[in-house]
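Below, chains carry the letters A, B, ... as their sequence lines are ordered, and counting in each starts from 1.
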Amino acid sequence: MPDLAVHLCAGILGSKFIRDPAGRALFVAGNCLPDLAQKTLALGFASPIDFAEATHTPAGILCLAYAASMLFEEGWRRRAFRLLALGSLLHILMDTAKDCLGCGVIDWGFPFSLHRVEFGLYPVEESPTLLLPWALGAVLLVEMIGALRRRRPL
Amino acid sequence: MISWLFSGFGRPWKVFGALLLLYIGCRWSLHSRGEPIWSCEGHPEHMDGKEFWLLAERVTAADAETWTLEVEPDRYRILIQAAQDTWPHGVTVGSRLYAHLRFVKGRGFVLEPLARVAPPQALPHLHLYLVSLPALAIAAALFLRRFRLGPDGLEARTDTDA
């Protein structure tokens with residue numbers, strides 16, 4: 001994984017395309033969902049890596065988003081499912097960009113195929129130093145532009 | 001209770017969801033039976049000159065000597081085998097196995113264990129967790145600012161600017 005801080009920044013930036021603040025919060029939560037599920041399985045239940053990594057697959061995130069949407073009141077479930085799944089999709093897209101020495105990261109075809117895909121753009125362990133400053137800078141810039149626009153409507 | 005749990009999606013979602021959950025559950029359990037601790041396949045160019053460590057995460061049975069490396073012109077495969085009868089050899093959960101893959105003329109790629117076993121870490125990827133925990137708190141705060149627990153589940157707050 002890149003660290004969750006980078007995922008959070010990406011989630012905040014991605015959520016800017018959603019008008020509703022509650023929808024934005026759902027998208028950001030969805031962005032954290034795959035890692036939350038994986039770490040709960042891996043650290044909380046001592047699951048093998050192979051077991052926990054299914055949380056980082058398209059089919060896995062559909063199940064996670066579906067289960068998580070059940071926590072919401074009935075009127076919100078469809079929307080919660082959609083936004084949580086979209087947020088999670090951004091998460092695994094970012095994880096696909098990792099460099100895992102050529103062995104692949106995300107099983108995009110799971111459970112029909114166990115072939116892993118990686119783009120090899122950054123080393124796994126170095127996301128806090130390589131990506132986080134840029135991600136934080138981008139969020140800061142976008143928030144500043146947003147604040148300026150609110151102050152001086154065009 | 002069950003009808004309440006799956007309400008809000010309609011019948012197709014119920015059927016699709018149930019079947020998908022069943023299939024994923026079955027496949028998940030099959031997938032998690034893998035014997036090797038760590039295996040890696042890919043193109044040799046990804047590995048050339050790179051130093052890396054392998055984390056014996058969630059592993060209680062391992063032997064660093066069972067590392068194997070197969071290199072063909074267009075692909076490599078590394079396999080670290082878990083073997084119950086070799087346990088324990090100092091590899092415990094959270095241990096790091098350091099290795100170096102380098103290219104040797106006439107021999108091709110050679111996998112060299114740098115140190116057989118490094119001290120176990122209480123928590124692997126510690127620095128990632130240190131950065132991630134505050135981010136998790138921020139994400140939770142952002143979420144709880146917009147949603148609260150109502151009698152029928154999580155509901156959107158109406159007392160914040162919507």
Side-chain angles (χ1 to χ4, degrees), chain A residues 1-9 11-12 20-26 28-29 31-32 35-36 39 42-43 46-54 59-60 62-63 66-67 69-78 80-81 99-104 110-111 114 118 120 124-125 127-128 132, chain B residues 4-9 13 17 20-21 23-24 26-29 31-34 38-47 50 52 57-59 76 78 93 101 123 125 127-136 138-140 142-143 145-147 150-157 160-162:
Chain A
M1 60 173 186
D3 56 274
L4 200 58
V6 174
H7 280 303
L8 179 67
C9 291
I12 289 171
D20 175 23
R24 286 204 288 269
L26 274 173
V28 172
N31 207 254
C32 302
D35 272 355
L36 276 179
K39 299 309 164 197
L43 299 176
S47 304
I49 294 172
D50 282 349
F51 184 86
E53 77 172 351
L62 281 179
C63 292
Y66 189 70
S69 68
M70 293 300 159
L71 297 172
F72 291 81
E73 61 178 7
E74 197 175 326
W76 265 93
R77 286 183 185 173
R78 277 171 185 267
F81 170 73
D99 179 3
C100 268
L101 301 164
C103 61
F110 180 87
L114 300 181
E118 73 172 42
V124 182
E125 290 276 290
S127 69
L132 190 55
Chain B
W4 171 81
L5 192 64
F6 287 94
S7 59
F9 282 97
W13 278 105
L20 193 64
L21 283 172
Y23 186 51
I24 298 280
C26 294
R27 192 61 198 257
W28 228 336
S29 59
H31 185 35
S32 60
R33 281 190 195 163
W38 195 85
S39 67
C40 179
E41 284 187 40
H43 195 277
E45 71 183 18
H46 288 288
M47 303 288 284
K50 281 186 180 171
F52 65 102
E57 210 171 2
R58 309 287 143 233
V59 171
Y76 70 85
I78 297 170
V93 173
L101 192 81
L123 193 61
H125 307 294
H127 70 292
L128 292 182
Y129 285 97
L130 287 176
V131 176
S132 297
L133 286 175
L136 184 61
I138 293 169
L142 286 174
F143 183 78
R145 189 165 169 242
R146 300 296 173 189
F147 288 92
D152 298 322
L154 289 164
E155 59 185 26
R157 284 182 186 273
T160 50
D161 53 335

When the 4.5 angstrom heavy-atom criterion is applied to A:Leu8 and chain B, the contacting part is side chain
The interface call for A:Ala22 against chain B, heavy-atom contacts under 4.5 Å, is both
Chain B shares the most heavy-atom pairs under 4.5 Å, among A:Val28, A:Ile12, A:Leu26, with A:Leu26
Open item on the list: Main chain of A:Leu4, side chain of B:Ser132: is a donor-acceptor contact present, judged purely on distance under 3.5 Å?
Closed with: yes
Using atom types as modelled and distance alone, determine if a side-chain donor or acceptor of B:Arg146 lies under 3.5 Å from a backbone N or O of A:Ala25. no
In the structure I gave you, are the side-chain heavy atoms of A:Asp35 and A:His7 within less than 4.5 Å of one another anywhere? yes
Whatever's closer than 4.5 Å to a heavy atom in chain A on B:Phe147 counts as side chain
On a heavy-atom basis, the closest approach of B:Arg145 and B:Arg157 is O-CD, 3.1 Å
